[in-house]
Amino acid sequence: MNPKHVALISAELGISTKQAESTMGLLAEGSTVPFISRYRKEQTGSLDEVQIGKVEDLSKRYKEVDDRRAFIIKTITEQEKMTPELLDKLESSWVLAELEDMYLPYKPKRKTRATVAIEKGLEPLAKLIFEQEEEGVEAAAEGFINEQVASSDEALKGARDIIAEWINENAELRDKLRKLFTNTGVFTSKVIEGKEAEGVKYKDYFDFNEPLHSIPSHRVLAILRAESEGILFGNIAPVEEDASEIIHKQFVKGKGFAAEQVGKAAGDAYKRLLRPSLENEFRATAKEKADTEAIEVFAENLRQLLLAAPLGPKPVIAIDPGYRTGCKTVALDNQGNMLAHDVIFPLEKNYKAQDAEHLLRNWVDKYEASAIAVGNGTAGRETEEFVKKIDFGRKVNVFMVNESGASVYSASEVAREEFPNEDVTVRGSVSIGRRLIDPLAELVKIDPKAIGVGQYQHDVNQGHLKQSLDRVVVSCVNNVGVNLNTASKHLLAYVSGLGPSLAENIVKYRRENGAFKNRKELKKVTRLGDKAFEQCAGFLRIENGDNPLDNSAVHPERYPLVEAIAAKQQCTVADLIGKEDLRKQVNIKEFITEEAGQLTVEDILKELAKPSRDPRDEIAIFEYAEGIKSMEDVKPGMTLPGVVTNITAFGAFVDIGVKQDGLVHISHLSNKFISNPNEAVKLNQKVTVTVLEVDIARKRISLSMKTGEPSGGGQRRERREQKPAKEAPLNDFQAKLQALRSKFK
């Protein structure tokens, strides 16, 4: 383990070197983030999953920096141009941009104007001019006229090309200009002539400018998307005069002829080489930052969606609504297995509606259904109203279920494998019903990007997006826990330490040998070794198994500890789980060992108090406003119930039951100032909104969650026009990094 990496990660994350080193060691051993977070608190000092994930990411980043540095050092050394001073600078830097700046003069070059001039023998003239000490430079240029150089003017031009490249490759200058871009750079965009009508949705950016250091991620991504569609032309740069002043101050000496030539070369270097290079760099940085923020929003939305309240293992009837083609209807048992399917026409004004009512009544009785799930797509509200009017003779709850992504599942390989003999409509209905029973177990089968809770998900870095979303799914699955005897292979694949192959083997073993009776039986599964068992066992649950601890989050490695506690209390493990007074009598300090510290013992006692309890909320019935079924029914000033369906950086979208979600801008989410919509709302939250504006032509509904007069007062909107900052302070990492550099020289 590289001690420099440990120190840098410790400094950046604000954790101790011991925490960083222990966490890196556990990750290197093959332990997963959920396992480390839950079962290795003593080693990490109780770091949570987010912190452990950052340690993992930074470890990879610094490994990449090390690999790049080694390549650069090797390349320069092979050129026999390495000096002790340069080597010291390379070994002291942990920023890729700095390493690339130092490598630039030695980097193998394609043919450039400077290399062409050097081939013509003009490098000595360039050196003479660049020194700005010799008189008669203009006359000296005459001496470089040859078969390839027709005149002294051409010689001077070639020399300036060489000087421009030297200026471009100067690491000190690039660092100064990088700071200028950081502190005073402005992101501007202009509409391309003739594209005004085609790009009307980007109208806000037709003549736009905002300081680079403050522009929100969604604006960056919007501009970049408009550029890719050929609507806008974007630009990132500081004031040109400021950049020119920095370059001239460093390279231009005096006012003689040579200085004039260097000045011209400096201007050319900035416009032709430095500015485009730095703009590309800052575009990439702005895109990366915007990607990170957008992915964080998406990931948090996904987490909330996956952890939505489940109905639980109960028989349900699920309906995928439709007008012309009818409503595809299925009956599911308490594990989501399909028992029957049919098509009903509840919205027809004839006998077909009676047939639909008869079938639903019959199925409710026959399959003992406790709830009916209705998809929230086309005809969803009307179908829901029809079902609610039916008298089933007992209480049967009706739930509207978000069906985003159900069609993606229906056509997927997963659905074809589960229902090879059914068409996509039946599969979609099954998915709707299963989402009600257990949204987590069903949604893990769908590509998270298809669930519809992101912003610009197709514009961000797809590799980073997948990594982040996969990490969220893993976190949610392991946080809730998985029933070993009922979980699908798709759900098991996300359990710590398993993956698709072992998940497949578990299901195969279960099919051939029946239900698992205890966790130890997992070791009989093909290729499931000791390490995989260690990582997965605590997250798998066995109901009514041989050992009551197998239905808890207590890890098998701590069973002897629980048994010792029970023996001390002179009771059984089952008694310890069932009786609070026995647990209260436990003296935690008596059971602390080197392997199991106080945090572990406390966690075990907490788990014994609520073994196998689902951490998700209880499901609640939601009712839309009566008589509000289309945008035409919605009027400004109305107060309506709604459900939060998506959260973005600029606000939240709310379903009010009219097939078109309304937007609550961040400035209308709360009476107090908030900088993040998640401070005010969560996905699937039931809210009350006031209608501000309805634009039927553009299919837009503006809503407010503020109390009082919606049009008055409120949060001050963010100003787009801002003066560039004079100086942006170093961030924490940069400051700490500077302090660490000398230590590692």
Side-chain angles (χ1 to χ4, degrees), residues 16 18-19 22-23 26 31-49 51-52 307 309-310 312-313 475 477-485 495-497 516-523 530 533-618:
S16 70
K18 182 180 178 181
Q19 286 176 300
S22 297
T23 304
L26 289 166
S31 293
T32 67
V33 172
F35 176 82
I36 296 170
S37 174
R38 181 173 293 187
Y39 297 116
R40 293 296 181 262
K41 290 182 178 179
E42 276 82 14
Q43 289 94 318
T44 69
S46 293
L47 295 184
D48 60 28
E49 287 189 9
Q51 292 170 306
I52 295 167
L307 295 179
S475 172
V477 169
N478 291 283
N479 181 40
V480 171
V482 173
N483 188 318
L484 180 57
N485 286 321
V495 172
S496 168
F516 286 86
K517 298 176 182 62
N518 54 64
R519 282 170 168 168
K520 287 188 294 186
E521 197 177 347
L522 275 165
K523 293 187 177 182
D530 291 341
F533 178 82
E534 175 198 61
Q535 296 296 306
C536 76
F539 302 102
L540 297 169
R541 308 282 184 267
I542 300 175
E543 294 180 1
N544 305 314
D546 296 340
N547 190 329
L549 293 176
D550 285 345
N551 197 30
S552 74
V554 176
H555 197 282
E557 67 186 6
R558 301 300 173 218
Y559 285 8
L561 174 58
V562 178
E563 290 161 0
I565 294 173
K568 180 71 174 179
Q569 300 304 119
Q570 298 182 337
C571 68
T572 65
V573 170
D575 290 336
L576 199 60
I577 292 173
K579 298 179 180 179
E580 183 181 358
D581 58 328
L582 289 174
R583 294 192 302 274
K584 284 186 175 180
Q585 295 170 20
V586 175
N587 183 352
I588 290 176
K589 293 183 179 179
E590 291 184 25
F591 300 96
I592 294 175
T593 64
E594 286 187 15
E595 293 77 23
Q598 182 169 336
L599 293 171
T600 296
V601 179
E602 288 176 348
D603 277 354
I604 288 172
L605 290 174
K606 288 177 184 175
E607 181 59 25
L608 294 178
K610 52 172 183 59
S612 74
R613 184 180 72 82
D614 195 317
R616 294 172 288 184
D617 293 334
E618 295 282 337

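Computed over heavy atoms, backbone and side chain alike; hydrogens, waters and symmetry mates excluded.
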Practice item. Give the intermediate values and the outcome of side-chain contact (heavy atoms from CB on, under 4.5 Å) for residues Y39 and E534. Key: CA-CA 10 Å; Y39 297 116; E534 175 198 61; over 6 Å; no
Point to revise | Residues V554, Y559; criterion side-chain contact (heavy atoms from CB on, under 4.5 Å); working and verdict | key: CA-CA 7 Å; V554 176; Y559 285 8; 4.1 Å; yes
Point to revise | Derivation of the side-chain contact (heavy atoms from CB on, under 4.5 Å) call for I577 and T572 | key: CA-CA 9 Å; I577 292 173; T572 65; over 6 Å; no
Check your understanding: Given the rule in the side-chain contact (heavy atoms from CB on, under 4.5 Å) test, do V601 and V586 qualify, once you have shown the distances and angles that lead to the verdict?
Key -> CA-CA 10 Å; V601 179; V586 175; 5.6 Å; no
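Counting non-hydrogen atoms of other residues, nucleotides and ligands closer than 6.0 Å to CG of N544 gives a total of 12 or fewer. Within 6.0 Å of the CG atom in D581, the count of heavy atoms belonging to other residues, nucleotides or ligands exceeds 12. In E563, the CD atom is crowded: over 12 heavy atoms of neighbouring residues, nucleotides or ligands sit closer than 6.0 Å.
A donor-acceptor pair is defined here as one N or O able to donate and one able to accept, closer than 3.5 Å; such a pair exists between the side chain of Q51 and the backbone of D48. Proximity of a side-chain donor or acceptor of N485 to a complementary backbone N or O of F516 within less than 3.5 Å is detected. For the pair E607 (side chain) and S552 (backbone), a donor-acceptor distance under 3.5 Å is absent.
In this structure, the side chains of K523 and D530 come closer than 4.5 Å at one or more pairs of heavy atoms. Contact check for L608 versus L549: side-chain heavy atoms found under the 4.5 Å cut-off. N479 has its side chain within reach of P615: a pair of non-hydrogen atoms, C-beta onward, lies under 4.5 Å apart. Between F591 and I604 the shortest side-chain heavy-atom distance does not fall below 4.5 Å. Considering only heavy atoms from C-beta on, P310 comes within 4.5 Å of R616 through its side chain.
The structure places NZ of K18 at 9.0 Å from CD of Q43, a figure rounded to the nearest 0.5 Å. K579 contributes atom NZ, which lies 15.0 Å from atom NZ of K584 (distance to the nearest 0.5 angstrom). From S37, atom OG reaches atom CD of E49 across 4.5 Å, with rounding to the nearest 0.5 Å. Rounded to the nearest 0.5 Å, atoms CD1 (I542) and CG (L484) are 5.0 Å apart. Considering CG of L599 and CD of E42, their distance stands at 5.0 Å, rounded to 0.5 Å. Between the CD1 atom in I565 and the CG atom in N587 there is a gap of 10.5 Å [rounded to 0.5 Å].
Pairs of residues two or more places apart, or lying in two chains, that qualify as salt bridge (charged side-chain N to carboxylate O under 4.0 Å, His left out) and include a residue from residues 589-601 are K568-E590.
For the pair L605 and R583, the tightest heavy-atom approach, listed with the atom from each and the gap, is O-CD, 4.1 Å. Across L26 and R40, no two heavy atoms sit closer than the pair CD1-CB, 3.9 Å. The two atoms that bring L582 and L576 nearest to each other are CB-CD1, 4.3 Å, heavy atoms only. Contact between S496 and N478 at its shortest, heavy atoms only, is N-OD1, 2.9 Å. Pairing each heavy atom of I592 with each of G597, the nearest pair is CG2-CA, 4.0 Å. Minimum heavy-atom separation, R519 to A537: NE-O, 3.0 Å.
Between the side chains of D603 and T600, not a single donor N or O lies within less than 3.5 Å of an accepting N or O.
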